[in-house]
Structures are given as structure tokens and as C-alpha cells.
Number of protein chains: 4
Amino acid sequence: MLNDYNTTGHPRVLDAILNAAGRRFSGYGTDEETAEAAGLVRRLIACPDADVHFLPGGTQTNLTAISAFLRPHEAVISPASSHIYVHETGAIEAAGHKIVTFLTPDGKADAASVRALAEGHDNEHMVKPKLLFISQASELGTVYTRAEMAALREVCDEHGLYLYIDGARIANALASSSCDFTFEYIAEVSDAFYIGGTKNGMLFGEALVIVNPLLKADFRYLMKQRGGLIAKGFLLGIQFRTLLEDGLYLELARHANSMAERLREGLRAAGISLFVNNDANQVFLFAPAALLSRLENRVLFEHWGPVDEAGTPIRFVTSWATTAAEVEEVLKLF
Amino acid sequence: MLNDYNTTGHPRVLDAILNAAGRRFSGYGTDEETAEAAGLVRRLIACPDADVHFLPGGTQTNLTAISAFLRPHEAVISPASSHIYVHETGAIEAAGHKIVTFLTPDGKADAASVRALAEGHDNEHMVKPKLLFISQASELGTVYTRAEMAALREVCDEHGLYLYIDGARIANALASSSCDFTFEYIAEVSDAFYIGGTKNGMLFGEALVIVNPLLKADFRYLMKQRGGLIAKGFLLGIQFRTLLEDGLYLELARHANSMAERLREGLRAAGISLFVNNDANQVFLFAPAALLSRLENRVLFEHWGPVDEAGTPIRFVTSWATTAAEVEEVLKLF
Amino acid sequence: MLNDYNTTGHPRVLDAILNAAGRRFSGYGTDEETAEAAGLVRRLIACPDADVHFLPGGTQTNLTAISAFLRPHEAVISPASSHIYVHETGAIEAAGHKIVTFLTPDGKADAASVRALAEGHDNEHMVKPKLLFISQASELGTVYTRAEMAALREVCDEHGLYLYIDGARIANALASSSCDFTFEYIAEVSDAFYIGGTKNGMLFGEALVIVNPLLKADFRYLMKQRGGLIAKGFLLGIQFRTLLEDGLYLELARHANSMAERLREGLRAAGISLFVNNDANQVFLFAPAALLSRLENRVLFEHWGPVDEAGTPIRFVTSWATTAAEVEEVLKLF
Amino acid sequence: MLNDYNTTGHPRVLDAILNAAGRRFSGYGTDEETAEAAGLVRRLIACPDADVHFLPGGTQTNLTAISAFLRPHEAVISPASSHIYVHETGAIEAAGHKIVTFLTPDGKADAASVRALAEGHDNEHMVKPKLLFISQASELGTVYTRAEMAALREVCDEHGLYLYIDGARIANALASSSCDFTFEYIAEVSDAFYIGGTKNGMLFGEALVIVNPLLKADFRYLMKQRGGLIAKGFLLGIQFRTLLEDGLYLELARHANSMAERLREGLRAAGISLFVNNDANQVFLFAPAALLSRLENRVLFEHWGPVDEAGTPIRFVTSWATTAAEVEEVLKLF
């Protein structure tokens with residue numbers, strides 16, 4: 001339970017690719033499968049005018065989108081724990097843009113912090129914040145409520161910021177028990193967002209949705225320039241179509257979340273305290289040294305901070321492929 | 001016969017992916033399948049010290065490698081017909097590097113042209129050429145001989161240039177009837193090159209080989225930063241292992257080339273003159289207006305230059321998936 | 001007569017700086033001298049709404065302006081002899097933009113070549129030309145006529161290109177005997193241009209004029225980011241005010257041009273043929289080997305191409321500081 | 001007393017420029033004045049092998065040097081209050097490099113914070129810290145002791161970091177009463193640093209010193225590419241020669257510091273508490289609302305943080321041009 005990208009793809013996704021053997025497709029996402037998948041996305045979010053583009057991975061999607069949307073002096077605001085700030089090897093800065101950040105207890109941006117940064121950057125000797133980046137679910141597995149997103153939209157409107165949502169785990173957010181919003185709302189509240197495929201059943205692939213008409217122009221040029229317009233784009237179309245045409249996408253996320261919930265329950269029953277309170281597919285706990293050595297070599301997990309004498313924070317992640325038996329095995333170690 | 005990336009993947013490649021269902025892999029290419037595929041590459045080129053990295057596509061590979069190898073004022077020399085100069089939407093320039101070019105009749109770089117450019121850039125008001133980019137086979141399907149590559153190596157050594165080979169169609173070069181070199185020689189003559197997978201049986205993926213030790217440091221950082229370090233890297237490992245473990249890779253290219261040869265023979269028999277003389281998997285002819293309208297809607301091909309009253313240059317490409325029957329169908333149109 | 005930047009500044013410019021001793025100025029060009037100089041520029045070009053920014057040098061101005069105006073996939077069209085393509089060490093590419101070029105006999109862009117390039121770049125696998133860069137006078141000292149500029153404007157309008165004019169030697173163009181246009185016309189025909197100070201009497205400095213309202217936003221941010229917003233911006237204001245307030249600017253250029261004309265006449269009288277026909281402040285001739293060795297160490301000039309057995313092309317440049325006596329001295333060597 | 005760049009230049013600097021009228025210089029810093037100034041710098045720092053380059057401004061110098069020294073995935077570590085992080089409009093990020101920061105009470109980097117950041121960045125999903133940026137004196141006017149710099153050098157050596165010192169106000173550091181190091185030591189402890197001219201008597205200009213031989217190659221290419229190789233480079237040579245040939249440089253800084261000291265003494269006598277304890281040429285105090293309104297329109301100063309009900313932090317800066325009378329005038333307002 002190291003992460004949610006440790007298996008190939010869901011059987012139905014693989015079947016769909018197999019079934020396409022023998023067919024010929026036009027290149028670079030100009031094929032019919034891609035068109036159909038884009039149509040499914042538009043229906044899903046009830047946004048018939050959205051532009052939909054399929055890219056091979058998350059870092060690729062974030063860097064291509066953000067560098068397409070911003071002028072050179074424009075900057076991103078994000079929580080200090082955001083993926084683009086910490087774990088994408090400076091991809092956004094390599095494309096020329098500063099990220100200005102604020103600390104959060106739970107990985108979620110709050111309107112007051114965003115407002116303070118936007119107001120504090122008020123002259124040409126500083127970068128100009130222009131895009132708010134959030135992840136839904138966040139890097140700590142927490143889920144923004146509808147009201148929280150609305151408040152962020154409001155501060156974005158006040159300061160002329162685009163709201164961009166990294167949806168690598170948007171399915172887990174939508175499938176979480178506390179979710180009080182819809183896929184349509186994501187499109188309504190944001191200027192652009194992406195729907196993650198890699199972590200929810202696909203071999204690889206993410207669907208970027210551009211809602212704001214001002215951000216649409218020439219996007220395929222940028223995809224090509226950044227290396228994200230793959231030759232066999234139809235592979236992304238086939239996979240997304242499979243996930244979206246009859247609800248498989250959210251079904252897989254519900255399964256992942258339920259496995260995480262079972263794990264959380266078991267841990268709590270074992271007296272383990274979780275240092276993040278969330279209900280999506282990530283589980284964070286603090287492992288004292290003795291526990292840590294018991295877990296090692298028996299289950300895969302990720303270190304989530306520095307090891308010290310007392311122990312270390314660690315993370316488990318569940319996915320569509322996690323089984324109840326696996327969860328039980330892990331719980332036995334506690 | 002529009003291109004060599006219009007089908008999914010070779011059945012054995014797909015089988016290998018299917019067979020991996022149920023297995024768990026570590027992420028980002030740190031898995032055993034990837035390690036094994038890298039080992040196969042090293043054996044294939046008889047270069048046990050080479051670094052091998054797997055990336056999702058060709059533009060991605062070129063831009064990641066070249067921008068990793070060069071300092072900001074260093075430039076690329078390439079033929080004016082090269083893929084990076086014409087058809088990658090300025091990806092190399094977007095990473096900060098100028099490409100200086102020369103015209104060629106056949107898509108192949110010649111030592112004299114490279115030398116002239118290297119010598120002509122002799123002070124700090126101009127960029128400093130540092131890398132020679134060639135494609136083997138070239139964008140016109142022509143294949144460099146061993147002597148031609150040796151001559152380029154010599155001029156590179158004279159002027160401190162790296163020699164980088166885009167091998168999107170290196171299999172077709174190696175499988176061509178005129179080929180007088182080996183895979184080992186490619187590694188011997190170059191500083192870095194890539195072995196194309198997307199156009200020769202894989203769903204997606206290229207294998208970058210770094211031979212020059214000076215160019216190896218921290219390459220995975222650059223892959224991540226440019227968006228080319230995919231989460232499920234094991235998919236690339238599985239596919240390359242399948243192609244390389246028992247000779248399938250060159251077998252597929254031999255088939256593609258033989259289909260192109262059959263097409264060329266049929267065209268010549270029909271009195272059609274080919275404007276590029278080559279023996280890999282691309283076929284270039286000039287189509288007068290009448291022929292052009294006869295071909296359209298009956299067979300897929302690519303325009304290879306402007307249409308004028310007399311007609312237009314066009315390109316057919318064969319692949320591992322092209323059948324003899326398809327070739328016959330096309331020839332009937334002439 | 002090596003170039004037009006080999007002396008300090010015109011005495012009146014130096015006086016103006018001296019006279020400012022003891023005064024205190026606000027920083028970064030927010031002072032009154034700068035405001036006054038900007039006003040003089042606006043009156044000079046009869047364009048009350050233009051934005052005027054003062055930058056320290058030509059390469060700085062070109063790279064800041066062009067990278068401010070373009071999105072990452074947008075490219076520059078320019079003659080292959082243009083300064084930004086050859087002699088600015090890839091500054092535009094380092095800012096991420098490809099320059100696509102065409103050959104010219106005389107350093108001047110022609111509408112047909114621009115149109116061909118604009119039309120040839122028609123899909124997302126290629127860069128998108130968006131800005132035409134020309135130099136007035138050109139790098140070969142030739143001067144565009146009003147009709148030539150109008151024709152370029154027309155092709156720019158057809159293809160949605162900005163027209164940007166590098167005016168490092170715009171004073172020499174305006175002061176040339178063949179000039180059939182005004183300073184106002186430069187502002188009318190272009191989207192942005194710069195008025196060169198460094199080569200025409202100033203210690204350093206150029207005045208960038210942005211005419212097109214779409215290109216104005218946040219330009220000072222870009223100046224700061226690229227290092228071109230100097231702390232003591234008032235120095236640029238003081239200098240430009242001195243040159244522009246009573247016609248000194250064009251007077252200096254007329255002098256430079258007349259010295260070049262005298263040199264050209266003397267050379268022709270000596271039977272020397274000039275390989276560029278122009279009437280601004282640059283003089284190009286072909287120096288056979290014997291002449292070359294006679295000139296060397298006696299007069300400063302610039303090589304303008306490779307030396308071969310027959311000789312080499314060379315360039316003389318005159319400036320506001322060139323004297324008739326100097327010209328006579330040079331002519332004695334022929 | 002708004003800042004230290006609000007006047008032209010020191011009279012002797014202006015005289016030197018005036019005296020150069022009539023002379024002809026070769027371009028782009030290849031002249032003898034520049035060579036002589038570089039020699040003076042080398043003697044000053046007792047480092048005969050150092051490379052010395054003259055650039056027009058501070059942001060330009062920082063961005064050119066840092067982007068020349070780093071590969072794309074390499075990052076800068078600096079205090080969160082550093083000029084490059086806050087007040088250069090993302091110039092470093094625009095050149096592709098992330099800056100990772102830590103908070104400091106006094107604007108000075110400490111070894112423990114640097115070590116923690118270096119150790120925390122330990123894999124290819126994060127940037128690789130490679131250069132420590134500090135300002136001497138710091139942005140808060142504080143001065144690093146020799147021991148503090150030695151400790152930073154040590155942590156840099158442990159983690160393979162370059163130590164780069166922004167010396168916009170290095171003269172004020174060296175002239176401060178608490179200074180326990182020499183100019184030689186700056187060269188000994190760092191890999192590269194710059195000696196500020198703009199804020200200490202010059203019209204404009206900074207001298208970059210590259211001590212580490214690994215960082216020297218091709219630096220003039222980078223200067224040209226970033227727009228920092230000015231045509232009339234001899235102007236920088238003339239000015240630096242004047243400041244350095246007989247000790248004027250430090251003399252001016254001693255004057256500036258003594259004026260600041262007089263101001264600090266007067267403020268303390270008036271019961272005003274200074275919120276930064278330093279002895280160079282910056283003075284920081286907290287101005288309650290009543291004081292603030294009394295100061296406004298009577299003396300120039302800079303806001304150093306947000307205004308709130310209680311008041312606002314403000315900054316005075318003295319320079320070579322500040323007079324004792326001016327200081328007295330300011331003190332009368334308290």
C-alpha cells in the first residue's frame with residue numbers, strides 16, 4: 001500500500017486497449033476515440049464548451065497548463081505542501097514561474113492566506129500572483145468542501161487569479177463520504193482542472209479541462225512543445241472512454257476510499273492515532289521506532305517526514321486494486 | 001499508410017502488459033522490469049557502463065536530453081530538415097537553446113557543413129555550438145553509413161561537440177538493406193542516442209542511452225522536471241523487455257522495411273519516380289494533381305510540402321503492422 | 001571607425017548629467033526627468049498614448065520586449081542577417097522563442113518572404129509566427145522606404161503578426177538622404193520599436209515605444225525581471241531629454257551619415273567597390289589581401305565575413321564623433 | 001534618505017568620465033580601462049586568478065551569474081528576506097531555478113538552516129540545492145562576521161554548494177564598525193561575489209568576481225545572452241578604476257555608515273527603538289501612526305512592511321551623498 005500507481009490498469013481498461021488491435025487511428029489525439037472521450041468529459045461536468053486535452057502524466061499536465069496560462073512575470077500561489085512546490089523537481093520554476101506559498105495544517109488553501117499573498121505583491125519589483133493552485137483531494141488526502149472552494153473562487157475573483165485544480169485524486173475526493181459537491185461544480189468553480197487517470201485505473205493519462213475561454217487558445221501547441229502531445233493519443237482516448245462511459249471511474253475511487261476507511265478503522269481500534277483527519281484514499285500515521293521496524297520489509301509505505309528518535313510520520317495509500325485481504329494483513333502488523 | 005504510429009502495440013507487447021496484472025511495482029522506473037530492460041539495452045549495444053532511461057515519447061526525450069546536456073549559451077547543430085528544428089514546436093528553443101542549421105539534399109548531415117557552422121561561431125556574441133543532432137534513419141528515410149557517422153564523429157571531436165542520435169526509427173536503419181553498421185557502433189560513435197519504441201511495436205516509449213560519462217549526472221532529476229518520469233515506469237520496462245529479449249525489435253523493422261520496399265518496387269513499375277532514394281520504411285513520391293485526387297479518401301498519406309498546380313510531394317510510411325495486402329491495395333491506385 | 005559605440009557621450013549629454021549633481025531622484029525611472037523624456041518621445045512620434053520605457057542596452061531591450069509580447073509557442077520572423085538571430089548569443093531563444101528566418105540580399109525583410117514563412121507554419125507541430133522583427137536602418141545600413149514598411153505592415157495584418165522595429169540606428173535611417181518617412185510613421189506602422197541612444201550620443205540607453213495597447217500591460221515587471229530596470233533610471237531620462245528637446249538627436253545622425261557619405265565617395269573615387277548600396281552610417285567594402293594588410297594597425301574596422309585568399313569583406317562605421325580629418329586619414333590608405 | 005541610489009555619481013567618478021572624452025575605446029569591455037579596473041579588483045582581494053566581469057546592475061548580475069552556474073534542476077538556498085527571493089520579480093525563477101528559503105530574524109543565513117534544507121532535498125522528485133545566496137551586508141543591514149561566513153562555507157562544502165555573495169552593499173559591510181574580516185576573506189570564503197558600484201558612488205555598475213575556476217568558462221557568452229554585456233563597457237572600467245585606485249570606495253562607505261550611525265544615535269536619544277540592530281547604512285524603525293504622518297512629505301523613506309493601526313515599519317538609507325545637515329533635519333522630525 002505504498003501508492004496508487006503500483007499496478008498496470010483496471011482489467012476493463014486493458015480489455016479496451018486489446019479490443020482496438022487491428023484498428024488504425026489518426027495520430028496525436030485527432031482520432032474518434034479521443035473525441036468521444038472528450039465528449040464524455042464534457043457531459044460529466046455539464047460544460048459543453050470546455051476544451052478537453054489528454055496528457056500522459058500529472059507533472060506534465062501541471063507544467064504544460066500553468067506555463068500556457070501565465071505570462072513570464074506571473075506567479076502561482078499554492079499551499080507549501082502542494083505537489084508542484086515540493087515534488088515536481090521545480091518543473092514550474094523551470095518553465096519560468098515563481099510559486100509563492102503559505103503554510104497549512106491540513107494541505108488545504110484558505111482564502112485568508114491567498115488574499116494576504118495577493119495583496120502583499122503589489123508592485124513591479126515582485127512577481128504578480130495570477131493563478132491559485134490547489135489539489136482536490138489535497139496532498140494530505142483532505143477534501144475541500146463546496147463552501148471552501150467557493151471562498152477560494154471569491155478571493156480569486158477579487159484579485160484576478162485563475163483557479164486551477166490538480167485532480168490527480170479528484171475521483172477520491174468525489175467519492176469521499178464527506179463530499180458535498182459534484183463534478184459539475186468543479187468545472188463551475190475553476191478556470192481549469194485535470195481529471196486524474198494514472199492513479200485511478202488507467203495505465204497512464206490525465207484529462208485536462210479548460211473552462212475559461214481566455215485560456216484555451218493554441219493549447220495543443222503548448223502540449224507539443226512541452227513533450228505532452230503523444231503520438232498514439234488514441235490510447236488515452238480509449239482508456240478515458242472506458243472509465244467514463246458507465247461510471248467505472250467513481251466506482252474505482254469508492255473502492256479505494258472504502259479500503260482506506262477500513263484501514264483507518266483498524267488502526268484506530270489498535271490505538272494508533274492518525275495525524276491527518278481525512279476520508280479519501282490516503283492514511284497518515286506516526287510510527288514510533290519499534291512499529292517502524294516491524295512494518296519495514298513486511299508492507300510498503302512512504303516516509304512522510306524526517307525520521308527522528310521518536311519515530312517517523314508515514315503514509316499508506318489505497319487504490320482500485322487494493323483488496324480487503326491486503327488491508328487485514330497490514331492491520332495484523334499493528 | 002499514413003505513419004508508423006497508427007495502431008496500438010504488437011500482440012506480444014500487449015500480452016506482456018496483460019501478464020503483469022496483479023503484480024505490484026515500485027514507481028517511477030525503480031522496478032525490476034525496468035532494470036532488466038535496461039540490462040538488455042546495455043547488452044544489445046555492448047556497452048555495460050551506459051546509462052539507460054525510459055521516457056514516454058520522442059519530443060520529450062529530445063528536449064529532456066538536450067536541455068540536460070547543454071549550458072544556456074550552447075547550441076545545437078542539425079540539418080534544417082531535422083525533427084527538432086521543424087516539427088517539435090520549438091521545444092528545444094523553449095528550453096533555451098538555439099538550433100543552427102544547414103540545408104541538405106537528403107536529410108543527412110555532412111561533416112563539411114557541420115565544420116563550417118562550428119568554425120563560424122567563434123565569439124561570445126554568437127551562440128556556442130556544442131551538440132550535433134542527427135536522426136538515424138533521417139527524416140527522409142535515408143540511412144547514414146558507418147563511414148558517414150565516423151566522419152561526423154571526427155568533426156565533433158575537432159570542435160568539442162557531442163554527437164546525439166535521434167533513433168525514433170533506428171530499428172529501420174539497422175534493418176535496412178544498405179546498413180553497414182551495428183547497434184554497438186551506434187553506442188561507440190555517439191555520446192547519447194535513443195532507441196525508438198513508439199514507432200516499432202510499443203504502445204509508447206523510447207529508451208535513451210547515455211554513453212558519455214560527463215552527461216550522466218542527475219539525469220533522473222531532469223526527467224522529472226520536464227514531465228518525462230512517468231509514475232508507472234514499469235510499463236516501459238515491460239514493453240522494452242519484450243521487444244529486446246529475443247530479437248523481436250529488429251524483426252518488426254525488417255517487416256516494415258520490406259513492405260516499403262515492395263511499395264517502392266510497385267511504384268517504380270508503375271512509372272512513378274521517387275524523389276528520395278532510401279531503403280528504410282518511408283516512401284516519398286511526387287503526386288501530380290490527378291493522382292493526388294485519386295489517392296485522397298482511398299489511402300492515408302502525408303503531404304510533404306506545399307501543393308501547387310503541378311501537384312505535391314507526399315509520403316507513405318510502413319510499420320510492423322502493415323500487410324502485403326494493404327500494399328497491393330495502394331498500388332492498385334497508381 | 002570600428003563602430004559607433006567607441007566614445008563616451010556627446011558633450012551636451014555629459015553636461016546634463018553633471019548639472020544634475022546634488023539633485024535627488026526617485027528610483028527605477030519613476031522620476032520627473034524620465035517622465036519628461038517620455039513626453040518628448042511621445043511628441044516626437046505624435047503618439048500621445050504610447051508607452052515609453054528606457055532600458056540600458058539594445059540586446060536587453062530586444063529580449064525584454066519580445067519575451068514580454070509572445071506566448072511560449074510563438075515565434076519571431078526575421079531576416080537571417082538580423083542582429084537578434086546572429087549577434088545576441090541566442091538571447092531570444094534563451095527566453096524560449098524560436099526565430100525563423102529567410103535570406104535577403106540587402107538585410108531588409110520583404111513581404112513575400114514573410115508571407116511564405118507565415119503560411120508555411122500552419123499547425124501545432126510547428127511554432128506559430130507572431131512577430132516580425134526588422135532593423136531600421138538594417139544591419140547592412142540599408143533603409144526601408146515607407147512603401148516597403150507599408151507592405152510589411154500589410155502582411156503582418158494578414159497573418160496576425162506584430163511588427164517590431166529595432167531602432168538602434170533609427171536616427172541614421174531618418175537622417176539618410178533617401179528617407180521618405182517620418183518618426184510619426186514609424187509609430188504608425190509598427191506595434192513597438194525602440195529609439196537607439198547608445199550609438200547616437202548617449203553613454204548608454206534605448207527608448208522602447210509600445211504603440212499597440214495589447215502589448216503594454218505590466219511591462220515594468222518584465223523590465224525588472226530581465227534585469228533592465230536600472231536603479232538610477234533618471235540617468236536615461238536626463239540623457240534622452242537632452243537629445244530630444246531641441247533636435248540634437250537627428251543632428252548627430254546627419255553628421256554621422258555625412259561622414260559615411262564622404263568616405264563612400266572617397267572610396268569610389270579610389271576605385272573601391274562597395275558591396276552594399278546604402279546611405280546611412282555604415283560602409284561595406286571588399287578588401288583584397290594586400291589592402292587588408294595595409295589597413296590593419298592603421299585604422300580600426302570590422303571583419304564582415306570569412307577571410308579567404310582573395311580577401312575579406314569589411315565594415316567601417318561612422319558616428320556623431322567621427323571627424324572629417326579622420327575620414328581623410330582613412331582614405332589616404334586606399 | 002529614501003535609498004542609496006538617488007543621486008548621479010561621485011564627483012570624481014564623473015570627472016573620470018569627462019576626462020575620457022575624445023578617447024576611442026574598443027567595445028564590450030575589451031578596452032584597457034576595463035582591464036585595469038579588473039586588475040585593481042584582483043589586487044584588492046589578493047586573488048590574482050579571479051575572473052572579473054563588469055555588469056550594469058544588481059539584478060542583472062545576480063541572474064546572469066546564478067543562471068550561468070547552475071544546471072536546470074539545481075536550486076538556490078537563501079534567507080526568505082533575500083533580494084533575489086522577494087524583490088527581483090522572480091528573475092531567478094524566470095531563468096529556470098527554484099529558490100528554497102528559510103526564515104531568519106535578522107536577514108542572515110545560518111548554517112543550521114542551510115544544512116536542514118540541503119539534507120531535506122535528497123531525491124530526484126525535488127530540486128537539488130546547489131548554491132547558497134547571501135547578501136553582505138544583508139537586506140536588513142546586518143553584517144556577517146568572519147566566523148559566520150566560515151560556518152556557512154563549511155556547510156557548503158559538506159553539501160557541494162557554491163557560496164555566492166551579493167555585495168550590493170559590501171562596502172558598507174567592510175566599513176562597518178563591527179567588521180572583523182577583509183576583502184581578501186570575501187574572495188577566500190566564496191565561490192563568487194559581486195562588488196556593488198551603483199549604491200556607492202557610481203552612475204551604475206557592479207563588478208562580479210568569479211573565484212572558483214569551475215564557474216569561469218564562457219561567462220561572457222552568458223553576459224551577452226542575458227543583455228548584460230554593454231556596448232560601452234569602458235564606462236564601467238573607468239568608474240571602478242576611479243573608486244578603487246586610491247581607496248575612495250571604502251571611504252564613501254565609511255561616510256554613509258557614519259551618517260547612519262548619527263541617525264541611529266539621534267533616534268535612540270529621541271526614544272525611538274530600532275527593530276534591527278545593525279551598524280551599516282540602513283536604519284529600521286517602527287513608526288506609530290502619528291509619527292508616520294509627521295514624516296510623510298517631509299522626508300523620503302521606504303515602507304518596510306504592511307501598515308496597520310499601530311503604525312508601520314520603515315527604513316532610512318544613507319549614502320556617500322548624505323550630509324550631516326540632512327541627518328539633523330530628519331532628526332528634528334522626531
Side-chain angles (χ1 to χ4, degrees), chain A residues 1-11 14-15 17-28 31 55-64 67 87-91 93-95 168 198-199 202-204 220-235 238 300 321, chain B residues 1-11 14-15 17-28 31 55-64 67 87-91 93-95 168 198-199 202-204 220-235 238 300 321:
Chain A
M1 277 182 292
L2 176 66
N3 60 49
D4 36 12
Y5 44 83
N6 58 9
T7 59
T8 56
H10 188 270
L14 296 180
D15 273 354
I17 292 175
L18 275 192
N19 291 338
R23 289 175 59 193
R24 302 295 164 92
F25 299 92
S26 63
Y28 298 105
D31 63 285
L55 294 107
T59 297
Q60 179 81 66
T61 303
N62 287 334
L63 85 86
T64 304
S67 67
H87 284 120
E88 297 188 356
T89 319
E93 291 89 350
T198 302
K199 291 172 175 164
M202 282 174 58
L203 293 176
F204 67 112
R220 282 174 59 83
Y221 284 83
L222 282 313
M223 287 173 66
K224 176 71 180 185
Q225 186 180 72
R226 302 299 185 188
L229 188 65
I230 65 168
K232 299 189 179 181
F234 53 84
L235 292 170
I238 292 170
L300 291 170
Chain B
M1 276 181 294
L2 176 67
N3 60 48
D4 36 11
Y5 43 83
N6 57 9
T7 59
T8 56
H10 188 268
L14 297 180
D15 273 355
I17 292 174
L18 275 192
N19 291 338
R23 290 174 59 193
R24 301 293 165 93
F25 299 92
S26 64
Y28 298 105
D31 63 284
L55 294 106
T59 297
Q60 179 81 66
T61 304
N62 287 333
L63 86 87
T64 305
S67 66
H87 285 119
E88 298 187 357
T89 319
E93 292 89 351
T198 303
K199 291 174 176 162
M202 283 173 58
L203 292 176
F204 68 112
R220 283 173 58 83
Y221 284 83
L222 282 313
M223 287 172 65
K224 177 70 180 185
Q225 186 180 71
R226 302 299 185 188
L229 188 66
I230 65 169
K232 299 189 179 180
F234 52 83
L235 292 170
I238 292 170
L300 292 170

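Reminder, nothing fancy here: chain letters follow the sequence lines and each chain counts from 1.
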Whatever's closer than 4.5 Å to a heavy atom in chain B on A:His10 counts as neither
Honestly, the part of A:Arg23 sitting under 4.5 Å from a heavy atom of chain B is backbone
Sorted by chain and residue number, the side-chain hydrogen bond (donor to acceptor under 3.5 Å, both in side chains) partners of B:Glu93 (sequence neighbours excluded) come out as C:Lys98
Most contact-rich option vs chain A, by heavy-atom pairs under 4.5 angstrom, among B:Leu55, B:Ile238, B:Leu18, is B:Leu18
Cut-off 4.5 Å, heavy atoms of chain B, and the answer for A:Met202 is backbone
The reported gap from OG1 in A:Thr89 to CZ in B:Arg226 (rounded to nearest 0.5 angstrom) is 11.0 Å
### Query
Please walk me through it: do A:Ile17 and B:Leu203 pass side chain to side chain contact (heavy atoms under 4.5 Å, CB included)?
CA-CA 10 Å; A:Ile17 292 175; B:Leu203 292 176; 4.3 Å; yes
Nearest heavy-atom approach of B:Ala21 to A:Thr8 is CA-OG1, 4.0 Å
What one should report as the nearest heavy-atom pair of B:Gln225 and A:Ala94 is CD-CB, 3.4 Å
The interface call for B:Leu235 against chain A, heavy-atom contacts under 4.5 Å, is side chain
Backbone N or O of B:Thr198 within a donor-acceptor pair of the A:Lys232 side chain at under 3.5 Å? yes
Heavy-atom closest pair (B:Tyr5 atom, A:Gly27 atom, distance to 0.1 Å) is CE1-CA, 4.1 Å
Ranking B:Thr59, B:Asn62, B:Thr7 by heavy-atom pairs under 4.5 Å to chain A gives rank one to B:Thr7
Once the angle between the rings of B:Phe204 and A:Phe204 is folded into 0 to 90°, is it parallel (under 30°), tilted (30 to 60°) or perpendicular (over 60°)?
-> parallel
Among B:Asn3, B:Leu222, B:Leu63, the residue with the most heavy-atom pairs under 4.5 Å to chain A is B:Leu63
Heaviest contributor of heavy-atom pairs below 4.5 Å to chain A, chosen from B:Lys199, B:His87, B:Lys224, is B:Lys224
